[in-house]
Amino acid sequence: MAGKTEFHSFEFFRKVRDRQEGVLAGKSPAEIVAFFSKAQIEKSNRVLRRARPKAAGR
């Protein structure tokens, strides 16, 4: 069994927030909404691709 890995969620989400802040700096409210809407659509598509059962014989 693999050893315990340390995951510090506070630091992880702080980095994500800071990265998004840099990307979204100077954007209009409509551009910010579009950014997060696009991310939600991409996430949904990834989930759907994983959820499809594989065809028999593959």
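Positions are given from 1, in the same order as the sequence printed here. The shown structure was predicted, so the numbers you read here are calculated from the model rather than taken from an experiment.
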Approximate separation, where rounding is to 0.5 Å, of Gln20 CD and Phe36 CZ: 4.0 Å
Sequence-distant partners of Phe12, ring-ring contact (aromatic ring centres under 6.0 Å, His included), two or more places apart: Phe7
Spatial distance of atom CZ (Arg14) from atom CD (Glu21) [nearest 0.5 Å]: 12.0 Å
